[in-house]
Every structure is written in C-alpha cells, then in structure tokens.
Amino acid sequence: MDPFLVLLHSVSTGLSNDELTELKFLCRGRVGKRKLERVHSGLDLFNVLLEQNELDSEHTELLRELLVSLRRQDLLQRLDNFEAGAAGRAPPEERDLRAAFDIICDNVGKDWRRLARHLKVTDAKIDAIEEKYPRNLTEQVRESLRVWKSTKTEEATVSHLVRVLRACQLNLVADLIVEHQQAQGLENENENESSTGGGGSISVSLTSWDSDGPALGAPW
C-alpha cells in the first residue's frame with residue numbers, strides 16, 4: 001500500500017468537523033467552490049488536491065502548511081515520520097542533505113534569516129516565510145532551506161551548506177553536520193566490511209565536504 005495514501009488517510013481520520021471546515025476555507029484559492037461543496041471529509045479534500053497536482057508524496061509543503069495552520073503537532077509528527085521514511089529510500093546524497101536540514105532546524109534558531117540571506121534567499125521570500133509560519137520557528141528554518149534547494153539546485157549540496165554555515169559564523173552547526181557525515185561514512189564502511197566478510201574496506205574522505213558534490217534531483 002502506498003505510504004503516502006496511508007498518511008493522508010491517517011490525517012483525515014484525525015480531523016474534527018471544525019478543522020475540516022477550516023481546511024476547506026484555507027483551500028478556497030486552490031479549489032473551486034463546487035468542488036469544495038462536495039468535500040465531506042479530509043480524504044475528499046486530499047483527493048481533489050491530488051487530482052490538481054497540488055499535493056503528492058514528493059511535494060508535501062501544502063499539507064504541512066495546512067497542518068501548521070491547524071496547530072496539530074500530532075499530525076505534523078505523522079508527516080515528519082513519513083518524510084523520514086522517504087529519506088531512507090532516497091539516494092545517498094539526498095539522504096545526507098535531509099539529515100543536514102534536520103540538524104540545522106534543531107540548532108540554528110533565530111539565526112535562520114542570516115543563513116537564508118547567505119544562501120541567497122531573497123528578502124521577499126524570507127518575509128513570505130515569516131508570514132506563512134508566524135509562530136513556528138522550526139518550520140521557518142525548514143521552509144527557507146526548501147526554497148534554497150528548489151531555486152539553487154546546483155548548489156544544493158551538504159558541502160555548500162557547511163561552507164555557508166561557517167561564513168555565517170555558525171561553526172557549531174557546521175561541525176555537527178560534518179560529524180554526522182563522518183559517522184555515517186564509518187557506519188557504511190562497517191556494513192560493507194560485514195557483507196564482504198572483512199575482506200576489504202572503503203576509504204572515507206573526511207575532506208570531501210570541502211568541495212561541492214553532484215546536484216540533487218527534484219525538491220521535496
């Protein structure tokens with residue numbers, strides 16, 4: 001069964017009638033009046049958004065925005081769990097970038113605006129992010145990183161993030177990312193040694209984060 005559809009079903013069953021009414025109101029600019037009149041559950045609304053390509057497993061931003069508006073941290077946690085599972089199925093470079101995003105969201109705090117500007121996110125975008133998530137600092141940080149990744153695809157690498165963090169004097173956060181990458185490299189090396197019976201090892205370059213890696217694929 002599609003994990004994303006399972007997530008949507010879970011979110012739908014967790015909505016009250018008042019919350020569904022609020023979601024329909026928030027989607028008035030995206031969904032026509034007649035379609036909204038036929039929406040009687042969260043699944044009905046999500047099906048419309050899926051049909052209109054407003055929502056899919058690779059683009060969950062709208063779902064996150066709606067759940068933030070409802071202040072449903074429990075449902076946001078379900079979305080976080082889904083995205084974490086998707087990260088586990090992603091290519092290694094994208095998994096590394098997602099992990100770096102998580103570290104930044106946990107540690108940058110109010111310095112996110114300075115980081116966003118160094119990542120060349122425009123002031124207009126920064127203002128829009130603050131308006132979109134006025135009371136949720138973590139989502140402000142994550143959204144700024146999503147904007148950077150979607151607009152600067154060729155620069156969207158862990159190494160580039162580390163250099164920009166150091167340029168912002170956010171060395172502790174940069175160090176946490178590098179340490180995570182090193183730990184992952186050692187873990188992968190141990191797994192490879194186990195699978196080959198210890199017959200060989202893979203060299204892990206700890207300086208590789210000083211140069212940009214390959215560009216990533218489509219934004220999340």
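Along the sequence shown, the residues carry numbers beginning at 1. Side-chain atoms are counted along with the backbone in the values below, which use heavy atoms only and exclude waters and symmetry mates. These numbers come from a predicted model, not from an experiment.
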Here the gap from W112 atom CH2 to L170 atom CG, rounded to the nearest 0.5 Å, amounts to 14.0 Å
Just wondering, more than 12 heavy atoms not from R71 lying within 6.0 Å of its CZ? no
For the atom pair CD (E143) and SG (C105), what is the distance rounded to the nearest 0.5 Å? 10.5 Å
Trace of the side-chain contact (heavy atoms from CB on, under 4.5 Å) decision for L43 with H9: CA-CA 6 Å; L43 279 182; H9 182 271; 3.7 Å; yes
What do you reckon, is CG of N17 surrounded by more than 12 foreign heavy atoms closer than 6.0 Å? no
salt_bridge(K132, E139) N-O dist < 4.0 Å: no
Could you state the interatomic distance from CD (E83) to CG (L63), rounded to the nearest 0.5 Å? 8.5 Å
Between W148 and H160, how do the two ring planes meet: parallel, tilted or perpendicular, split at 30° and 60°? parallel
Between D175 and R166, is the closest basic N to carboxylate O distance under 4.0 Å? yes
Nearest 0.5 Å, please: how far is CZ in R142 from CZ in R64? 6.0 Å
Minimal heavy-atom distance between I126 and A116, with the atoms involved, is CD1-CB, 3.9 Å
Flag if over 12 foreign heavy atoms under 6.0 Å of NZ, K125: no
Given side chains that start at C-beta, do those of V164 and R117 come closer than 4.5 Å, heavy atoms only? no
Testing the 3.5 Å rule here: is there a donor-acceptor pair between the side chains of Q77 and N81? yes
Roughly how far apart are L67 CG and L76 CG, rounded to 0.5 Å? 5.0 Å
Calculate, to the nearest 0.5 Å, the distance between atoms CG and OG belonging to L79 and S10 respectively. 11.0 Å
Which heavy-atom pair separates A156 from K149 by the least distance, and what is that distance? CB-CG, 4.0 Å
Any Lys/Arg nitrogen of E37 or R34 sitting under 4.0 Å from an Asp/Glu carboxylate oxygen of the other? no
Do V147 and L119 have side chains that get closer than 4.5 Å, going by heavy atoms? no
